[in-house]
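When reading the values below, keep in mind they use all heavy atoms of this one structure, side chains included, and skip hydrogens, waters and symmetry mates. Residues take their numbers from the sequence shown, with the count starting at 1. Here the structure is a predicted model, which means the values were calculated and not measured.
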Amino acid sequence: MSVVKINSLTVPAEQREVLEQRFASRAGTVESADGFEWFELLRPLEGTDNYLVYTRWRSEEDFRSWMEGPMKAAHQGGGEGAPKHKPAATGSTVWSFEVVQQAAPKAKEA
C-alpha cells in the first residue's frame with residue numbers, strides 16, 4: 001500500500017499568503033516525480049497556525065528519491081544568483097503513515 005507524508009508547517013498569520021503563493025508557483029514540480037500519487041495543501045480554519053502539506057507516494061523509496069533529488073534541489077534556492085527567500089514557516093514536523101485501508105465514494109445507482 002501507499003505511504004503518506006504530512007508536513008505540519010507553523011505559519012504566522014502575516015506569512016500565510018506568502019506560503020500559499022510559493023506553493024502555487026511550484027505547481028507541477030512534484031507531480032512528475034516517480035511514485036507520486038497525491039498532493040494537498042491544507043489551510044487551517046481555526047485554532048491553529050499549522051498548515052498541513054499532504055503527499056501520498058507509491059512507496060517510501062519513491063518519497064526518499066524525490067526528497068534527495070528534485071525536492072532538495074528546489075529548496076537550495078535555484079542556484080547562484082537566484083533570489084533567496086526567508087522561510088514562510090517558523091517550524092516544521094513531518095509525520096509518516098502507511099495506508100492500511102481506504103475507501104472511495106460509492107457509485108450512485110441510475
Tell me every residue that passes salt bridge (charged side-chain N to carboxylate O under 4.0 Å, His left out) with [X], counting only those two or more places apart in sequence or in another chain.
X     : result
Glu40 : none
Asp34 : Arg58
Glu20 : Arg43
Arg64 : Glu60

Output all residues satisfying side-chain contact (heavy atoms from CB on, under 4.5 Å) with [X], sequence neighbours left out; order by chain, then residue number.
X     : value
Asn50 : Ser8, Thr10, Thr48
Ala88 : Gln15, Val18, Leu19, Arg22
Val53 : Asn7, Leu9, Phe23, Phe39, Leu41
Pro87 : none

* If Ile, Leu, Val, Met, Phe, Trp and Tyr residues are connected whenever their side-chain heavy atoms lie under 4.5 Å apart, and connections chain through other members, are Val3 and Met67 in the same group? -> yes
* Is Trp38 reachable from Val30 through a run of I, L, V, M, F, W or Y residues, each pair having side-chain heavy atoms under 4.5 Å apart? ->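 Hydrophobic grouping puts Val30 apart from Trp38.
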* Min side-chain heavy-atom separation Leu42-Tyr51 under 4.5 Å -> no
* Is the closest side-chain heavy-atom distance between Pro44 and Asp49 below 4.5 Å? ->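 No, too far: nothing below the 4.5 Å cut-off.
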* To do: Using distance alone, with no hydrogens and no angle criterion, decide if Ser59 and Asp62 have a side-chain donor and acceptor under 3.5 Å apart.
  =>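 Checked: Ser59/Asp62 side chains pair up, N/O donor to acceptor below 3.5 Å.
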* **Residues that Phe63 engages under ring-ring contact (aromatic ring centres under 6.0 Å, His included), provided they are two or more places apart** => Trp57
* **Distance, nearest 0.5 Å, that separates OG1 of Thr55 from CZ of Phe36** =>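 One gets 7.0 Å once the value is rounded to the nearest 0.5 Å.
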Exercise answer: donor-acceptor pairs, residues 95-107 side-chain atoms, under 3.5 Å, sequence neighbours excluded:
| unit_1 | atom_1 | unit_2 | atom_2 | d |
| --- | --- | --- | --- | --- |
| Ser96 | OG | Lys5 | NZ | 2.7 |
| Gln102 | OE1 | Arg56 | NH1 | 3.4 |
| Gln102 | OE1 | Arg56 | NH2 | 2.5 |

* Asked: Is the CD atom of Glu17 crowded by more than 12 outside heavy atoms at less than 6.0 Å?
  -> no
